[in-house]
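Here the structure is laid out as structure tokens; the discussion comes afterwards.
Both ligands and their constituent atoms are indexed starting at 1 by order of listing.
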Amino acid sequence: MSLQEKIDQASHWVLAYYSVKSIQDPHAEITRHKDFFENLEVAGRIYISEQGINGQMSGTREAAQKYMDWMHSREEYADQVFKIHPWSAQAFERMTVKYRESLLGTDEAVNFDAVAPHVSPAEWRRMLEERDDNTILIDVRNKYEWDVGHFEGSELPDCDTFRDFPKYIEELKDRVDPKKAKVMMCCTGGIRCEFFSPMMRERGFENVYQLEGGIINYGLQEGNEHWDGKLFVFDDRMVVPISDDEANCIGQCHQCGTSSDHYYNCANMDCNHLFLSCQKCLAELKGCCKEECTEAARVRPFEHQNPHKPFRRKHVYAKEDPRSASFGE
Ligand SMILES: [Zn+2]
Ligand SMILES: [Zn+2]
């Protein structure tokens, strides 16, 4: 079955989208959204700020279609792009529409006029195939996302938080000539590049290109070509193949190193660390990330049948890493 057929037949759709068109009154927009969602079978996490909208949501096929139609009927969102994934249930627990001062949780003022040119998945693929030593492929996601899948030969900036990114740019300048280097930048759905690419350009990098619609869009259009592994997503699915092609597993159990791309939140509620684990190690540590956590005061009971509990309310990186905290891409 082709992807389009799967989309047409699925009971639910998972939508990923963003808009960096500024919003005069974000609170009014939030109300408009909440009113529209009333009695509609949708779930998700939509952040709205003066900078725009960052949305991840799921809905029955009909409800998701209604939402897209509603957005498209409004002049300012007439050409809004939605990435659609077929699914069999809601991918979120509930619907949250919330104000975020900054869509990505950065205090840096972003000059959206300096955003890098967007390249289509087909063009991106051609650039990957023609890349030379002068090309740097930068993946602006988090390490836990990179660990289960990434483009071949891509580089993960050594940053703990979004605020470290300018430092990374300065270090990169010691390695390459910012006037000559060709920078290809990608992230999950494209929104992070909207913030990171102007930062690079304003710091002297002259040839920066960002992947239109992110890795999600690439998978939908180009399949697994030059992609290794799977894709981390910020909903109940957690890790998904990027296309219909056979996806390999590049993740490793953090205890024993065997192949696994299943993420778990530590059963110790005061730890809640997100880690990759095989079934055997997970059972041995009763759902905890390390021995020490098994003896902690507040440990969720471990259920063999259903150890795969996605992080819904609490996710340790959300506290520690402002990049992921607010990206929730
Ligand atoms: Zn293991
Ligand atoms: Zn732990």
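- Checking Thr31, Ile23, Asp25 one by one against His27, the side-chain contact (heavy atoms from CB on, under 4.5 Å) holds for a single residue, Asp25.
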Check step by step if side chain to side chain donor-acceptor pair (under 3.5 Å) holds for His12 and Glu41. CA-CA 10 Å; His12 289 71; Glu41 286 179 71; 5.6 Å; no
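- By the 4.0 Å N-to-carboxylate-O rule, Glu130 lies too far from Lys182 to be salt-bridged with it.
- Every residue two or more places apart in sequence or in another chain was checked for a ring pair (Phe, Tyr, Trp, His ring centres under 6.0 Å) with Trp13, and none qualifies.
- Protein N/O/S atoms found under 2.8 Å from the Zn ion (ligand 2), listed by chain and residue number: Cys266 SG, Cys271 SG, Cys289 SG, Cys293 SG.
- The distance cut-off of 2.8 Å around the Zn ion (ligand 1) captures these protein N, O or S atoms, sorted by chain and number: Cys253 SG, Cys256 SG, Cys278 SG, Cys281 SG.
- Clustering of Ile, Leu, Val, Met, Phe, Trp and Tyr by side-chain heavy atoms under 4.5 Å joins Val14 with Trp87.
- Taking OH of Tyr168 as the reference point, atom CZ of Arg203 lies at 13.5 Å (rounded to 0.5 Å).
- For the pair Ser243 (side chain) and Gly223 (backbone), a donor-acceptor distance under 3.5 Å is absent.
- One distance of note links NE2 of His72 with OH of Tyr67; it measures 9.5 Å at 0.5 Å rounding.
- Of the candidates Gln210, Glu202, Arg192, Ser197 forms a side chain to side chain donor-acceptor pair (under 3.5 Å) with just one, namely Gln210.
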